[in-house]
Participant: 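Below is a structure I'd like to ask you about.
Numbering of ligands and ligand atoms starts at 1, following listing order.
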Amino acid sequence: MAVIPVNIAGAPYDVRIEAGLLAAAGEHCRPFIRGGKVAVVTDERVAAAWRETVAGSLLAAGIASEWLVLPAGETTKSWQHLARTCEWLLEHGVERKDSVVALGGGVIGDLTGFAASMVKRGCGFIQMPTTLLAQVDSSVGGKTAINTAAGKNLVGAFHQPVLVLADPLALDTLPPRETRAGYAEVVKYGLIDDAEFFAWCEANGSALLAGDAAAREHAIAKSVAAKARIVAADEKETLGLRALLNLGHTFGHALEAETGFSDRLLHGEGVALGMVLAARYSVRRGLMNGQDAERVAAHIAAAGMPASIRALGMDADGSRLTAHMLHDKKMDAGTLPFLLMRGIGETFLAKDVDLADVAAFLDAELARP
Ligand code: NAD
Ligand code: GLY
């Protein structure tokens, strides 16, 4: 089993990674659960695949579980379901020293974590991430949120879990498209500051996506270790370090907004294409060589994700896409910091990006054959 410590000052915890952890959840959770019962929040698809396994394992460890099963999908990260989750946790007598469980992808983790940050002014929570995206990114680092009319993730809190159990076997029931989308976040860690890991992805990505157990576990452990290092150094994203985790997100978010945050483009697919665009824009700025940028594009395409905006078939031009960027929550005094690259594994935060130039770049990308 890989155990990655997340050394957040005052709230350290471990991420445990091993095939079969959901079936052994009871013994791992036991030290964090008081009074022989626990509240579990999940969604209907995850419940269909994993509730029996997790509830059985908890029971075998002497822990009875109560379940709140929410609808699957991004729209569950809402005021309505947040209120429902808080009320449900209170009805079940959750106290401040209790830990509630989030079993699911980033939607369930973000919603449950936010509810846990508020119930009794903050109770414990355990993340059991069941998507690749949640295992390598959203379950670690304590960002929790819901979506509102004004945009995605605009209301939330930093609230760290007490334990994260990442079971690669959970991915056996995940639709392949969701696994590919989560893989974008794995590739991201290579591009941020680990060229060797990017090369590992090029060599092993297809095995990982085909379900190879060793490749999955290695990728999750490397990704979590990278994220743990960054969030331990900059928990609240005040030092410019945690911002590196947003590589590909500014372009990706604009594309997600333009496609209506729908199945046309999953979040991870937007990040994948966003990383390709960040690389190509870095070439335009004379920062990165074209060969490296096309290496990024080739790997994203080989992993079965979109590597060109034209392929999305959108009816939008560059200025319409950059208009979405103005609503980005990273906007700082009228300027938008951008993650650019000097090479593979050499991402940095640029504060001198002119959105009109980005719009011209996107027009050129839209015309690219
Ligand atoms: P998700 O939670 O919606 O899960 C994707 C789909 O897979 C859902 O339909 C879900 O029901 C299903 N599913 C999940 N696990 C399954 C399994 N093992 N078997 C079968 N079906 C399964 O999506 P996601 O990609 O995990 O998360 C996206 C969310 O994460 C977004 O809301 C995003 O904002 C958030 N996010 C948060 C952070 C953070 O740091 N907190 C980081 C990245 C993304
Ligand atoms: N996923 C970005 C972050 O956790 O900061």
Participant: With heavy atoms of R45 as the reference, note each atom of ligand 1 found under 4.0 Å away.
Facilitator: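 That gives atoms 9 (O), 11 (O) of ligand 1.
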
Participant: Among protein heavy atoms, which lies nearest atom 4 (O) of ligand 2, and at what distance?
Facilitator: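 Of every protein heavy atom, K227 NZ, 2.6 Å lies nearest to atom 4 (O) of ligand 2.
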
Participant: Begin from the C-alpha positions of K143 and N153 and carry the test side-chain hydrogen bond (donor to acceptor under 3.5 Å, both in side chains) through to its verdict.
Facilitator: CA-CA 9 Å; K143 277 190 183 174; N153 294 328; over 6 Å; no

Participant: With a cut-off of 4.0 Å, which atoms of ligand 1 are near a heavy atom of D43?
Facilitator: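 Once the distances to D43 are compared, the set is 10 (C), 11 (O).
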
Participant: Side chain or backbone of L133 under 4.0 Å from ligand 1, or both, or neither, by non-hydrogen atoms?
Facilitator: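 The side chain, only.
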
Participant: Distance under 4.0 Å to a non-hydrogen atom of D137: what atoms of ligand 1 satisfy this?
Facilitator: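 By the 4.0 Å cutoff, the relevant atoms are 42 (C), 43 (C).
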
Participant: Would you say ligand 2 has an N or O under 3.5 Å from any N or O of K143?
Facilitator: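 Looking only at distances, the answer is yes, because the N/O contact criterion of under 3.5 Å is met.
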
Participant: Identify the residue among D193, D194, D137 that makes a salt bridge (charged side-chain N to carboxylate O under 4.0 Å, His left out) with K188.
Facilitator: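 Between K188 and the candidates, salt bridge (charged side-chain N to carboxylate O under 4.0 Å, His left out) is satisfied uniquely by D137.
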
Participant: Do W50 and T130 have side-chain atoms, one donor and one acceptor, less than 3.5 Å apart?
Facilitator: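 No.
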
Participant: Kindly compute the distance separating NZ (K152) from CG (N147), expressed to the nearest 0.5 Å.
Facilitator: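 Between atom NZ of K152 and atom CG of N147 there are 6.0 Å.
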
Participant: Return the orientation label for the H159 and F125 ring planes: parallel under 30°, perpendicular over 60°, tilted otherwise.
Facilitator: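 Parallel.
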
Participant: With heavy-atom distances below 4.5 Å as the criterion, would you say the side chains of P168 and E18 are in contact?
Facilitator: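 With C-beta onward as the side chain, the pair stays apart.
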
Participant: Identify, by atom number and element, the atoms of ligand 2 in contact range of L245, meaning under 4.0 Å from any of its heavy atoms.
Facilitator: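 It comes down to these atoms of ligand 2: 2 (C), 3 (C), 5 (O).
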
Participant: Less than 6.0 angstrom from the centroid, inside 45 degrees of the normal: does R280 satisfy that with respect to the ring of F361?
Facilitator: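 R280 over F361 ring: no.
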
Participant: Is the ring pair F197/W200 parallel, tilted or perpendicular, if the boundaries are 30 and 60 degrees?
Facilitator: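 F197 vs W200 ring planes: parallel.
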
Participant: Closest heavy-atom contact between G20 and D167?
Facilitator: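 Shortest heavy-atom separation between G20 and D167 comes out as N-OD1, 2.9 Å.
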
Participant: Counting heavy atoms only, which part of V231 comes closer than 4.0 Å to ligand 2: side chain, backbone, both or neither?
Facilitator: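 It is neither part, as no heavy atom is under 4.0 Å.
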
Participant: So H299 and Y183, would you call those rings parallel, tilted or perpendicular, with 30° and 60° as cut-offs?
Facilitator: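 Ring orientation, 0 to 90° scale: perpendicular.
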
Participant: Would one find more than 12 heavy atoms of other residues, nucleotides or ligands at under 6.0 Å from atom CD of E87?
Facilitator: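 Atom CD in E87 is not packed in, count stays at 12 or less.
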
Participant: State if A170 counts as touching ligand 1 under the rule of any non-hydrogen atom under 4.0 Å.
Facilitator: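 It does; at least one heavy atom falls under 4.0 Å.
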
Participant: Heavy atom of K227 under 4.0 Å from ligand 1?
Facilitator: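 A heavy atom of K227 does come that close to ligand 1.
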
Participant: Identify, by atom number and element, the atoms of ligand 1 in contact range of K77, meaning under 4.0 Å from any of its heavy atoms.
Facilitator: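 Atoms satisfying the 4.0 Å criterion: 31 (C), 32 (O), 33 (C), 34 (O), 35 (C).
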
Participant: With atoms numbered from 1 as shown, which atoms in ligand 1 lie under 4.0 angstrom from a non-hydrogen atom of V46?
Facilitator: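 Near V46, the atoms of ligand 1 are 13 (N), 14 (C), 15 (N), 16 (C), 22 (C).
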
Participant: For H249, is the nearest heavy atom under 4.0 Å from an atom of ligand 2?
Facilitator: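 No, H249 has no heavy atoms under 4.0 Å from ligand 2.
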
Participant: Can you tell me which residue and heavy atom of the protein come closest to atom 5 (O) of ligand 2, and the distance to 0.1 Å?
Facilitator: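 In this structure, atom 5 (O) of ligand 2 has R242 NE, 2.7 Å as its nearest protein heavy atom.
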
Participant: Pick, from P175, G156, S138, the option with the minimum heavy-atom distance to atom 38 (C) of ligand 1.
Facilitator: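 Looking at heavy atoms only, S138 sits closest to atom 38 (C) of ligand 1.
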
Participant: Less than 3.5 Å between some nitrogen or oxygen of D137 and one of ligand 2, yes or no?
Facilitator: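 By distance alone, the answer is yes.
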
Participant: In ligand 1, which numbered atoms sit nearer than 4.0 Å to a non-hydrogen atom of E178?
Facilitator: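 Counting atoms of ligand 1 from 1, those under 4.0 Å from E178 are 5 (C), 6 (C).
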
